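For reference, the structure is listed below as structure tokens.
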Amino acid sequence: MERILITSAIPYINGIKHLGNLVGSQLPSDVYARYMRARGHEVMHICATDAHGPPAEIAAQKAGKPVAAYCAEMWAVQKDLSDRFGLGFDHFGRSSSQRNHSLTQHFAGQLAAAGLIRAVSERQVYSPTDGRFLPDRYIEGTCPNCGYESARGDQCENCTKQLEPTELIDPRSAISGATDLEVRETTHLYLRQSAMAERLEHWIQTRTDWPILTTSIALKWLRDGDGLQDRGITRDLDWGIPVKKGTEPWPGMEGKVFYVWFDAPIEYIAATAEWADATGQDDAAWLRWWRTDRGAEDVRYVQFMGKDNVPFHTLSFPVTILGSGEPWKLVDYIKAFNYLTYQGGQFSTSQGRGVFMDQALEVQPADVWRWWLMANVPESSDSAFTWEAFQQGVNKDLSAVLGNFVSRVTKFCRARFGEVVPEGGAYGPAEAEASAAIDTRLRAYEAAMEAMEFRKAAGELRAIWVLGNEYLQTAAPWAVFKADPDRSAAILRFALNLIALYAAISAPFLPFTAQKLQTALNLETQRWPGTAADALAELAGGHSFQVPDNLFAKITDDERDAWQARFAGKRAEAGAA
RNA sequence: GGGCCUGUAGCUCAAUUGGUUAGAGCAGAGCGCUCAUAACGCUUUGGUUGGGGGUUCAAGUCCCUCCGGGCCUACCA
């Protein structure tokens, strides 16, 4: 048995996440965590909301609520959706927790003591109307290069020229439109990533089993131009973790908070501590996952994230961990995903474009989404969501192949033998052949899951479902029944055992469906199969079951067209910044 | 501008370190079955691997070039 620590990139707080967010970290991490648990490993599966930063403040302002209240509300909404999608986190935390305050301040103190933090005085744009400093992206104006009127302070979207906010003609606040902007002097702390560059590069170079998407992004940042740059880790904001050196005040940093990307990854650790608190355990319970001097030396740590998160997880967070001088657990494997595109464009929270988690569940149950998204997860390149593909994939794989198999087996059995696993007859060559075929596929499925190759794994799982229909077609219990009812009984016994096996091995992708099958078959537990031959002999004659309702309804063309129309434009109530 | 990724059948994707005749699923066509959600099974059509050039006994794979798509570029997160 191994111990596996799994973290999903933490979704930002300012609204309900879309399917692109879901498939890029939380969903694959859940499938992986469920699989590893099913295989008997000890798993700690962590997620949280990323609560700080200007977008949260602005979203709260738009909603007319204090930011802390707004975030508490949005956390509850995200937590609820997470549950309804079956995302089985051990803890779904919040980066604004007291645990994260303490840990973030602790790390900052350690880094300062190690000489890895320096103060930098810089000039930034301040908006008196908004009462805040404005990040470059929140300043709009006319591009001095091309004359585009909505250029942002960091770059003109129209001509792609990189800009300084002070270069903009007629600059204004993107938040309020205020034009009374001024430049003010302010001091910030910088994390001396440059001092750790060699150590990081050595570390990255030795991660030979990482996907190219991950290492190439990290190496680019390490080697590009003047190499890895130091990074500001504080901001002039109210909402965030106050800058402190451990528990001590930080002279000159009064009223400032840490930058979200400094405290967000630390929340992985803090959320595990929150888990210990929530379950009434002491610090040792979470330290054994995170401190190699407190029992974490045999933990394998895997992170899931979208490609946009890679620099922070390969560079800044490791600098925080390594630079602390304390034996915190460093990530062992990073699984990064590309983007899911929506009908040819991007999913967008800010533009309300695409399908959001709450809407998705109004349209189809969680397992349907889980299946399609994971079978098409953007592993090697961006992948496309279309309603046509969704309808086809779901109807074929879930309704026709898996759902219909369960339906035909249980209903035929009920008609001929009643709702009980038939006794009589014995398994013969057909069952041996089917078992062998399933074994081969099962081993391939396991290998793909171990390697986190989810598309491949979904393909193998599907192939195992198909083998059930193939077996049934060949064995034809309906034809055999009249002349040899005992033989027919054996076939159905084998087929019912197949359903039990499907429940166990499909659970990582389809947890709700697996539960339904388990209930229908009156099974106490779902045991991961060893050999197919053994697993398929477990349900003995005389065991009762109930024919379940059809597992998956087919998506009609009318439904598909209606959804396509409904989700073609902007989300009406999109309030996110 | 720079960097990285990517282009394979109508669609979505596979193809050990370069190694026989480039494979699956879906969609299409034909046949079979009648237990089942008009479902299932079997067979089958379909590719000058974006264009061009090069290296090699051998190129989807390596190199050059052109064309298309995507992402990142450090103050969005």
Side-chain angles (χ1 to χ4, degrees), chain A residues 9-14 21 50 52-56 58 122 124-125 133-139 152-155 160-162 164-165 174 188 193 212-213 215-217 219-221 223-225 228-232 235 259-261 264 306-312 315-316 338-339 341 344 346 349-350 375-376 378-384 386 388-389 392-393 395-401 403-416 453 455-456 458-459 462-463 466 468-479 481 488 491-492 495 549-554 577:
Chain A
I10 65 179
Y12 197 68
I13 191 73
N14 70 337
N21 297 127
D50 179 11
H52 300 133
I58 294 162
E122 54 194 21
Q124 289 195 349
V125 175
F133 282 92
L134 295 177
D136 293 354
R137 293 207 178 197
Y138 285 96
I139 302 159
R152 291 186 318 206
D154 57 341
Q155 186 174 35
T160 74
K161 184 178 168 58
Q162 304 219 7
E164 289 297 320
H188 283 297
Q193 301 189 135
I212 191 156
L213 179 66
T215 46
S216 65
I217 292 173
L219 290 175
K220 145 84 171 151
W221 281 57
R223 293 170 175 176
D224 191 45
L228 186 61
Q229 301 298 297
D230 295 343
R231 185 157 199 137
R235 293 289 184 273
Y259 173 45
V260 279
W261 264 117
K307 58 183 164 184
D308 53 333
N309 274 249
V310 169
F312 302 100
L315 305 168
S316 355
N338 287 283
Y339 291 147
T341 61
Q346 275 197 10
T349 303
S350 57
N376 297 278
E379 274 176 326
S380 55
S381 64
D382 291 356
S383 67
T386 64
E388 291 82 359
Q392 271 180 12
N395 284 355
K396 183 70 186 173
D397 297 347
L398 296 183
S399 300
V401 175
N404 184 49
F405 177 77
V406 172
S407 176
R408 64 197 297 207
V409 168
T410 54
K411 284 175 184 167
F412 181 73
C413 185
R414 178 175 62 187
R416 292 291 185 273
E453 293 175 13
R455 273 182 187 245
K456 203 178 197 176
R462 184 189 180 286
V466 167
N469 282 313
E470 240 173 75
Y471 163 77
L472 211 58
Q473 187 68 28
T474 312
W478 51 88
F481 183 75
S488 186
I491 293 167
L492 284 171
D549 293 337
N550 282 347
L551 296 177
F552 304 100
K554 291 199 118 186

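All values derive from a computational prediction rather than experimental measurement.
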Mark this stacking check for A/Trp478 against B/C35 as yes or no, applying ring centres under 5.5 Å and ring planes under 30°. yes
Considering just the side-chain nitrogens and oxygens of A/Lys396, establish if one lies under 4.0 Å of OP1 or OP2 belonging to B/C26. yes
About how many Å separate CH2 of A/Trp478 and CG of A/Leu492, when rounded to the nearest 0.5 Å? 9.5 Å
Take nucleotides 71-77 of chain B nucleotide by nucleotide from the 5' end and write B, S or -, depending on whether a protein heavy atom sits under 4.0 Å from the base, only from the sugar-phosphate, or from neither. SSSBBBB
Classify every nucleotide of nucleotides 5-10 of chain B by which part a protein heavy atom approaches to under 4.0 Å, writing B for the base, S for the sugar-phosphate alone and - for neither, in 5'-to-3' order. S-----
Tell me if a side-chain donor or acceptor on [X] pairs with a main-chain N or O of [Y] at a distance below 3.5 Å.
X: A/Glu379; Y: A/Arg455; value: yes
X: A/Tyr471; Y: A/Val466; value: no
X: A/Asp230; Y: A/Gln193; value: yes
X: A/Asn469; Y: A/Val401; value: yes

Whole-Å gap separating [atom2] ([N]) and [atom1] ([X]):
X: A/Asn404; N: B/C33; atom1: CG; atom2: P; value: 18 Å
X: A/Asn395; N: B/C11; atom1: CG; atom2: P; value: 21 Å
X: A/Asn469; N: B/A36; atom1: CG; atom2: P; value: 14 Å

Heavy-atom closest contact ([X] atom, [Y] atom, distance):
X: A/Ile10; Y: A/Ala264; result: CD1-O, 3.5 Å
X: A/Val125; Y: A/Pro165; result: CG2-CB, 4.2 Å
X: A/Phe405; Y: A/Leu472; result: CE1-CD2, 4.1 Å
X: A/Ser399; Y: A/Asn395; result: CB-O, 3.2 Å

If we take the C1' atom in both B/U55 and B/G68, what is their distance in whole Å? 26 Å
Pick the C1' atom in B/C76 and in B/C64, then give their distance to the nearest Å. 39 Å
Of B/C40, B/C35, B/C42, the nucleotide closest to the side chain of A/Ala400 is B/C40
Quick check: on RNA chain B, is the nucleotide nearest A/Thr474 upstream (toward 5') of the one nearest A/Ala389, or the reverse? Name the residue that is more 5'. A/Ala389
Most 5' of A/Asn550 and A/Ser383 on RNA chain B, judged by nearest nucleotide: A/Ser383
So what stems show up for RNA chain B if we need 3 or more Watson-Crick or G-U pairs in a row, all under 3.5 Å? B:1-7 with B:67-73, B:10-13 with B:23-26, B:28-32 with B:40-44, B:50-54 with B:62-66
Mind checking if A/Arg455 touches a base, just sugar-phosphate, or nothing, with heavy atoms under 4.0 Å? sugar-phosphate
Quick one: label A/Val466 by what it contacts on the DNA or RNA (base, sugar-phosphate, nothing), any heavy atom closer than 4.0 Å. sugar-phosphate
Using 30° and 60° as the class boundaries, would you call the ring planes of A/Phe412 and A/Phe481 parallel, tilted or perpendicular? perpendicular
Going by heavy atoms in the side chains, are A/Arg235 and A/Gln124 under 4.5 Å from each other? no
